[in-house]
2 protein chains.
Amino acid sequence: MDKQTVTIYDVAREANVSMATVSRVVNGNNNVKPATRKKVLDVIDKLDYRPNAVARGLASKKTTTVGVIVPDVTNLYFSALARGIDDVATMYKYNIILTSSDSNGEKEVTVLNTLLSKQVDGIIFMGNNITEELREEFKRTKTPIVLAGSIDDEQIQPSVNIDYAAAVQEEVKSLIDRGNKRVAFVCGPLDQPINSKYRLRGYKQALKEVGIPFDDKLVFETDNSYKTGTLLQPALVSAKATAAMVTDDELAAGIVNGMTDAGVNVPGEFEVITSNDTKLTEMVRPKMSSITQPLYDIGAVAMRLLTKLMNDESIDDKNVILPYGLMKRDSTK
Amino acid sequence: MDKQTVTIYDVAREANVSMATVSRVVNGNNNVKPATRKKVLDVIDKLDYRPNAVARGLASKKTTTVGVIVPDVTNLYFSALARGIDDVATMYKYNIILTSSDSNGEKEVTVLNTLLSKQVDGIIFMGNNITEELREEFKRTKTPIVLAGSIDDEQIQPSVNIDYAAAVQEEVKSLIDRGNKRVAFVCGPLDQPINSKYRLRGYKQALKEVGIPFDDKLVFETDNSYKTGTLLQPALVSAKATAAMVTDDELAAGIVNGMTDAGVNVPGEFEVITSNDTKLTEMVRPKMSSITQPLYDIGAVAMRLLTKLMNDESIDDKNVILPYGLMKRDSTK
DNA sequence: GTGAAAGCGCTAACAT
DNA sequence: ATGTTAGCGCTTTCAC
């Protein structure tokens with residue numbers, strides 16, 4: 001029995017009703033007599049009819065599909081967000097087209113347009129360098145786009161984040177209070193506002209609060225990779241830093257291991273605080289103290305926000321700030 | 001300027017050609033005079049026309065979208081595979097609908113059907129417990145489905161894997177050769193053939209090879225989680241095991257840390273070998289020795305295989321076995 | 001090399 | 001409560 005495509009028309013004929021009626025029962029419309037509903041359902045079952053979502057999408061202009069743009073799925077931070085997004089999407093009957101951007105501005109524009117051509121009902125964007133070009137593209141479309149765990153300088157797009165500046169400020173302050181005169185700030189690319197305008201600002205404010213002058217020799221701009229972290233020990237030590245505030249968990253894990261491998265005791269001789277509270281924080285030794293972010297929730301709330309936008313529901317606050325916390329583990333005194 | 005949808009018809013009229021011609025230039029069909037091509041291209045540019053992929057999908061019966069079913073994106077093993085899949089998909093102009101199944105058989109069937117209703121051109125499935133029901137669903141559809149890093153007992157679906165049995169056998173053998181009389185086998189659920197029929201078989205064969213009787217007290221069936229790993233130390237020690245062959249990196253990381261935290265030296269008093277060679281192996285201390293799998297390639301090759309299937313190209317071997325290796329790091333002597 | 005026209009499978013008025 | 005009928009925006013014969 002080679003499976004020919006069964007269409008709504010086949011079902012209609014077989015059940016002696018019109019296509020409209022079949023459509024109604026498939027879509028749960030109440031305007032159908034229970035008897036006919038049952039009859040149609042039986043035929044659907046018998047014929048093994050499965051509605052064609054593409055045709056439906058064309059007719060209704062809704063695809064129940066959302067696009068998700070992410071720098072890298074293998075990064076635990078983003079995969080945690082993705083998981084939250086996916087679960088809420090499933091809850092609301094949406095599917096997800098997942099695309100990797102490698103934080104490459106050009107590719108971001110390309111995939112954005114691909115997603116739009118596929119008529120996704122909405123988009124969740126992760127990526128921390130929103131270029132002017134990208135911002136233009138965002139503006140050009142009516143499709144709602146929300147940023148998850150990603151900062152846009154101009155708060156024009158809806159977004160879900162934590163208060164990165166305050167969190168860093170608080171952690172750096174605690175490091176200083178514990179006697180660290182020279183706290184390094186180890187971050188990802190400074191062309192990303194999340195690093196330069198938020199986290200670094202928090203760092204500076206902590207210094208200012210206690211009257212320590214800012215020293216740019218203590219700022220280490222990196223690529224956020226584990227490997228880079230492992231190589232940072234000599235530079236950190238020669239800068240006379242005794243602690244580091246780090247903006248990424250893999251990077252921080254690299255630093256912790258690099259220190260330990262070089263015979264520097266963490267936290268005894270060097271304290272490390274990281275930023276994302278991924279499961280990696282528990283897996284390295286010593287376990288890493290971290291700013292805690294509700295990663296799953298950031299994704300989940302972003303997706304929930306997007307569903308509202310897609311349904312033209314009213315939004316109380318389009319730039320959501322979720323609470324952060326501080327988790328003391330063993331990489332700090 | 002509120003963006004109204006520009007259709008192929010608008011372009012046709014504005015360029016004084018027929019829809020068919022516009023369609024031809026959009027699709028790179030050669031039967032268009034260079035002059036008219038240019039004219040059309042100019043109008044497309046001017047009107048900012050973007051083809052509607054949904055309409056195209058309905059008309060052509062191809063969506064250039066493939067479905068990917070994965071147990072959990074936050075698992076480094078699967079996200080590595082996903083990355084390979086995504087890159088090759090992009091290369092071949094496909095997009096990916098990514099769905100999480102939580103290794104839940106029911107959900108797997110549901111999402112499979114959702115993907116089929118969305119008319120994906122093909123599917124990549126990851127998940128190690130292919131139930132009879134799932135197998136039925138696979139059979140019912142003409143849509144090609146390939147398994148990536150996942151074993152189906154009956155080799156009916158195309159798939160990409162390594163030789164799990166041989167790899168485990170080889171590693172366990174090396175453990176025994178180094179003097180470990182009692183090597184534990186710590187694995188994920190044994191209802192998954194990849195564990196029970198392949199890896200466990202490899203383990204048993206290694207024992208047999210050297211004449212050590214199999215002792216089921218040395219088999220530890222777990223849920224593959226880090227947490228579980230950290231809790232395993234007492235049981236492992238009281239079973240008098242001096243080494244463990246572990247089937248998942250997070251699980252293995254838990255064991256290594258659990259041992260260390262309990263004062264058991266790894267590898268001095270207890271050796272650990274893991275199976276997936278994710279980046280986690282380098283991040284724990286001691287670094288974990290592992291079977292090496294070409295994770296990215298498994299995904300990439302699976303996707304490449306799928307493209308061939310989708311184009312009805314001939315396949316030389318539908319059950320691909322990629323080479324594995326053994327990487328000695330610091331969790332073994 | 002180009003155009004006309006018939007669908008693809010469904011939804012959504014609009015009737016009845 | 002149910003049916004009729006246009007489309008949705010595109011591809012794809014089939015003519016010319």
Side-chain angles (χ1 to χ4, degrees), chain A residues 3-41 43-44 47-65 93 114 116-121 142-143, chain B residues 3-41 43-44 47-65 93 114 116-121 142-143:
Chain A
K3 184 120 311 239
Q4 285 307 114
T5 358
V6 185
T7 75
I8 198 173
Y9 181 72
D10 300 322
V11 177
R13 199 183 25 187
E14 187 79 10
N16 281 314
V17 295
S18 71
M19 290 165 55
T21 299
V22 178
S23 178
R24 285 187 189 100
V25 349
V26 167
N27 292 298
N29 184 318
N30 268 332
N31 284 10
V32 185
K33 211 179 353 178
T36 45
R37 175 185 305 280
K38 173 158 185 359
K39 186 171 59 177
V40 171
L41 251 18
V43 174
I44 286 178
L47 262 43
D48 197 22
Y49 166 69
R50 180 189 286 140
N52 180 324
V54 173
R56 186 185 289 198
L58 183 58
S60 70
K61 298 181 172 298
K62 290 197 177 321
T63 54
T64 62
T65 302
K93 312 281 184 213
T114 307
L116 292 174
S117 79
K118 295 225 166 168
Q119 314 300 118
V120 294
D121 297 337
K142 284 238 151 290
T143 308
Chain B
K3 186 122 309 252
Q4 286 305 116
T5 359
V6 182
T7 75
I8 198 172
Y9 181 72
D10 301 321
V11 177
R13 199 182 25 186
E14 186 78 10
N16 282 314
V17 297
S18 71
M19 291 164 55
T21 299
V22 178
S23 177
R24 285 187 190 101
V25 350
V26 167
N27 291 297
N29 184 316
N30 269 330
N31 283 10
V32 185
K33 213 180 351 179
T36 44
R37 175 184 305 281
K38 171 156 184 5
K39 187 171 57 177
V40 171
L41 251 18
V43 174
I44 286 178
L47 262 43
D48 197 22
Y49 166 68
R50 181 189 285 139
N52 180 324
V54 173
R56 187 185 289 200
L58 182 58
S60 71
K61 299 183 171 299
K62 289 196 176 320
T63 55
T64 61
T65 302
K93 311 282 185 212
T114 306
L116 292 174
S117 80
K118 295 226 167 168
Q119 313 300 119
V120 294
D121 297 336
K142 282 239 151 288
T143 307

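Computation of the quantities below employed the complete heavy-atom set of this structure, encompassing side-chain atoms and omitting hydrogens, waters and symmetry-equivalent molecules.
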Could you tell me whether [X] contacts a base, only the sugar-phosphate backbone, or nothing, with contacts defined as non-hydrogen atoms closer than 4.0 Å?
| X | result |
| --- | --- |
| A:N16 | sugar-phosphate |
| B:T7 | sugar-phosphate |
| B:V54 | nothing |

Checklist entry - Quick one: does A:V6's side chain get under 4.5 Å of A:D48's, heavy atoms only? => result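 Result no, sub-4.5 Å side-chain heavy-atom pair not found.
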How close do [X] and [Y] get, counting heavy atoms only, and between which atoms?
| X | Y | result |
| --- | --- | --- |
| A:V43 | A:A15 | CG2-CB, 3.7 Å |
| B:S117 | A:P51 | CB-O, 3.5 Å |
| B:Y49 | B:V26 | CE2-CG2, 4.1 Å |

Checklist entry - Using a heavy-atom cut-off of 4.0 Å to chain B, what are the terminal contacting nucleotides of DNA chain C, in 5' to 3' order? => result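 Range of nucleotides within reach of chain B: C:dG1 to C:dG9.
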Contact under 4.0 Å: [X] side-chain N or O vs [N] OP1/OP2:
| X | N | answer |
| --- | --- | --- |
| A:S18 | D:dT2 | no |
| B:R56 | D:dT11 | yes |
| A:T36 | D:dT2 | yes |
| B:K61 | D:dT12 | no |

How many Å lie between [atom1] on [X] and [atom2] on [N], as a whole number?
| X | N | atom1 | atom2 | value |
| --- | --- | --- | --- | --- |
| B:L58 | D:dC8 | CG | P | 13 Å |
| A:R37 | D:dA1 | CZ | P | 10 Å |
| A:M19 | D:dG3 | CE | C1' | 11 Å |
| A:I8 | D:dG7 | CD1 | C1' | 15 Å |

Checklist entry - Out of A:V25, A:V11, A:V32, A:V40, which residue meets the side-chain contact (heavy atoms from CB on, under 4.5 Å) rule with A:V17? => result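 Only match with A:V17 under side-chain contact (heavy atoms from CB on, under 4.5 Å): A:V40.
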Value rounded to 0.5 Å, distance of [atom1] in [X] from [atom2] in [Y]:
| X | Y | atom1 | atom2 | result |
| --- | --- | --- | --- | --- |
| A:Q119 | B:T5 | CD | OG1 | 8.5 Å |
| B:S18 | B:R24 | OG | CZ | 6.0 Å |
| A:M19 | A:D10 | CE | CG | 10.5 Å |
| A:R56 | A:N27 | CZ | CG | 5.0 Å |
| B:T64 | B:K93 | OG1 | NZ | 10.5 Å |
| A:L47 | A:T7 | CG | OG1 | 9.0 Å |

Item to check | Five-pair end axes of the helix from C:dG1-D:dC16 to C:dT16-D:dA1, angle between them (10°) | outcome: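 The value is 30°.
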Checklist entry - With B:K62, which residues qualify under salt bridge (charged side-chain N to carboxylate O under 4.0 Å, His left out), at least two apart? => result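 By the salt bridge (charged side-chain N to carboxylate O under 4.0 Å, His left out) rule, B:K62 matches no residue at all.
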Checklist entry - So which one's nearest nucleotide on DNA chain C is more toward 5', A:N52 or B:V17? => result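 Checking each residue's closest nucleotide, the 5'-ward one belongs to B:V17.
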Restricting both atoms to N or O, compile the protein contacts to nucleotides 13-16 of chain D shorter than 3.5 Å, with distance only.
none

Item to check | Sequence neighbours excluded, every pair satisfying side chain to side chain donor-acceptor pair (under 3.5 Å) that has a member inside residues 29-38 of chain A | outcome: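 Qualifying pairs: A:K38-A:D42.
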Item to check | Residues B:K118 and A:T65: side-chain donor-acceptor under 3.5 angstrom | outcome: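 Yes, A:T65 and B:K118 have a side-chain donor paired with an acceptor closer than 3.5 Å.
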Checklist entry - Near DNA chain D, under 4.0 Å by heavy atom, which residues of residues 25-34 of chain B? => result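 The stretch gives B:N27 as the residues lying under 4.0 Å from the strand, ordered by number.
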